[in-house]
Amino acid sequence: MTINQSKPIAAIVGAGRTKFGELWYDDPEKLLFDAGLNCMQSVDKGIHRNQLEACYFGSFLYQSTNKMGLVPGHMAKELGLNVPITMTEAACASGGSAIYNACMAIRSGQYDTVLVGGFEKMTDRSNKISDDLMFAADPNEFGAGYTFPGLYATMMARYMYDYGEGKQECEDAMAMVASKNHHHAIKNEYAQFRREFTPEAIKKSSLVAHPVRLLHCSPVSDGAAALILTTPEKAHTYTDTPIYILASQQATNDVSLYTRESITSIKTTKLATAAAFKETNLTYKDIQIAEVHDCFTVEEVMFLEDSGYYEKGTAWKGIYESYEAGKTKKHTPYINEQNELIVNPGGGLKADGHPVGATGVRQLHEAWVQLRGQAGGQQVESGLNTALCHNIGGTGAICTVHILGR
Ligand code: COA
């Protein structure tokens with residue numbers, strides 16, 4: 001482990017979240033407030049809101065889902081604070097982008113201690129949400145009748161055509177990703193779905209956009225998550241067990257799928273992951289758990305290739321073999337030679353839920369509790385030192401990658 005070679009950017013000293021799911025009785029402000037309060041209460045040595053020098057919030061669709069604007073104003077009222085509050089919008093990577101901006105502020109020396117939050121309230125929009133989500137795609141894709149399941153179906157179909165060699169095992173692997181993530185969520189008290197689904201059940205679920213079926217998709221969700229970040233120097237003021245952010249990277253690309261060199265890999269994942277590994281002197285071999293943006297199962301497959309864990313076109317084989325070898329374990333790791341990587345130990349977007357602006361922050365919450373050994377029933381049992389969090393917006397127009405260590 002070369003973790004000591006990495007100079008931390010920031011320390012996470014508190015993390016909190018709400019349940020994810022259909023939270024019809026709560027306003028977005030209430031969800032974010034509840035996550036923030038849980039986060040403040042998680043700080044071991046205590047913190048007062050007057051110690052927060054700035055806030056960074058991420059969300060995507062609040063203007064259409066809740067007829068809400070100027071979120072900083074609403075949150076200034078909820079928090080009773082008049083500090084600078086900044087909103088980031090980066091579709092499903094809004095939360096990751098808020099964290100990236102908070103890290104930049106701490107790196108620059110502008111602030112020592114900041115609150116980061118992410119939220120989304122999607123379920124009230126009912127059937128209109130599929131159209132709303134298309135703000136994160138090319139208008140021509142929307143005009144052609146695409147939805148997000150349709151866009152990812154195009155990517156999945158191409159992947160299976162190019163690399164699946166017509167084999168049943170490739171289709172099985174796409175279902176195994178979902179089966180594994182649902183299994184990981186069984187003991188996650190915050191998760192939207194705590195039900196087992198076999199790969200066979202996933203392959204038989206309703207067809208949404210060929211070859212994507214209902215159980216290949218992340219759900220429509222409400223929820224919020226929050227973190228408190230401070231400088232590495234101040235971390236011990238708040239806790240004896242801070243978790244450090246060792247890398248914070250973001251990459252961007254065109255929103256359109258049809259202009260891409262390839263639709264079977266995500267360029268921004270490659271760029272942000274490579275930059276994060278360079279920043280830390282770590283490689284994928286050093287990462288023990290990864291929070292991966294599995295909005296559709298093919299996205300987790302592509303991450304495993306884009307991050308270098310498996311070679312291009314081979315992840316489905318690795319997934320198939322790993323699932324068969326580890327499906328009876330509490331967590332099913334991906335195996336590559338001598339390395340084991342547990343992906344989405346709390347269920348990922350697939351089962352924990354995907355309130356889009358909250359997801360990037362929820363990922364660091366999960367990594368924080370896992371690295372501190374406080375993940376309850378879904379705790380990974382081997383001692384953990386490192387985690388990687390990967391958050392995607394749209395079909396890959398934006399990607400943030402954060403590497404965390406103890
Ligand atoms: N995973 C697991 N179960 C799901 C689910 C999902 N993604 N979506 C819905 N369900 C369950 C519901 O809880 C319900 O179960 P019940 O009958 O036991 O109550 C059942 O499936 C039917 O739910 P319903 O709300 O009628 O489904 P739907 O057909 O309206 O929506 C999808 C299903 C897949 C279309 C919807 O979840 C979706 O659009 N997901 C993608 C969201 C997205 O694009 N996010 C952005 C990613 S970039």
Side-chain angles (χ1 to χ4, degrees), residues 19-24 59-61 64-65 89-96 118 120-138 141-142 146-156 174-175 177-186 188 191-199 201-223 255 257 266 268-269 292-300 302-303 344 347-360 362-363 390-399:
K19 277 189 177 211
F20 285 1
E22 295 184 355
L23 309 177
W24 287 338
S59 188
F60 176 30
L61 294 169
S64 55
T65 53
E89 187 277 291
C92 306
S94 296
E120 209 71 58
K121 190 80 171 56
M122 301 167 78
T123 63
D124 298 351
R125 283 289 275 178
S126 195
N127 293 339
K128 293 179 185 156
I129 197 70
S130 297
D131 278 3
D132 292 346
L133 286 163
M134 287 301 285
F135 282 124
D138 186 299
E141 292 167 343
F142 179 65
Y146 268 107
T147 59
F148 262 92
L151 290 167
Y152 275 91
T154 305
M155 296 157 91
M156 181 167 155
M174 298 287 168
V177 170
S179 176
K180 182 244 329 156
N181 289 344
H182 273 288
H183 177 63
H184 286 179
I186 288 294
N188 179 354
Q192 185 161 354
F193 296 111
R194 297 175 67 184
R195 286 168 63 185
E196 297 275 6
F197 290 101
T198 62
I202 286 154
K203 288 196 298 178
K204 281 190 196 148
S205 60
S206 316
L207 194 58
V208 178
H210 183 79
V212 166
R213 291 179 178 271
L214 187 141
L215 290 173
H216 291 116
C217 305
S218 59
V220 172
S221 319
D222 306 325
V255 292
L257 209 50
I266 304 279
T268 51
T269 298
V292 171
H293 194 95
D294 61 321
C295 52
F296 299 90
T297 57
V298 67
E299 178 57 67
E300 186 167 316
M302 290 193 288
F303 168 83
N344 292 327
L349 286 60
K350 176 71 214 65
D352 197 338
H354 183 30
V356 296
T359 286
R362 192 280 304 156
Q363 292 177 323
H390 161 259
N391 191 198
I392 283 274
T395 51
I398 188 159
C399 173

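Atoms within each ligand, like the ligands themselves, are counted from 1 in listed order.
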Mind checking whether H390 and H293 have parallel, tilted or perpendicular rings, split at 30° and 60°?
perpendicular

Would you check if there is a donor-acceptor pair between the side chains of H183 and E196 at a distance under 3.5 Å?
yes

Rounded to the nearest 0.5 angstrom, the OH-CG distance for Y146 and L257 is 7.0 Å

Is it the case that over 12 heavy atoms from other parts of the model lie below 6.0 angstrom from the NZ atom of K19?
no

Which pairs of N or O atoms, one from ligand 1 and one from the protein, are separated by less than 3.5 Å, and what is the distance for each pair?
from: ligand 1; atom 1: 1 (N); to: K350; atom 2: NZ; distance (Å): 2.8
from: ligand 1; atom 1: 7 (N); to: C217; atom 2: O; distance (Å): 2.8
from: ligand 1; atom 1: 7 (N); to: S218; atom 2: O; distance (Å): 3.4
from: ligand 1; atom 1: 7 (N); to: P219; atom 2: N; distance (Å): 3.4
from: ligand 1; atom 1: 40 (N); to: S218; atom 2: O; distance (Å): 2.9

Within-4.5 Å side-chain heavy-atom neighbours: F296 and C217
yes

Would you name the heavy atoms of H182 and A351 that are closest together and state the gap between them?
ND1-CB, 3.5 Å

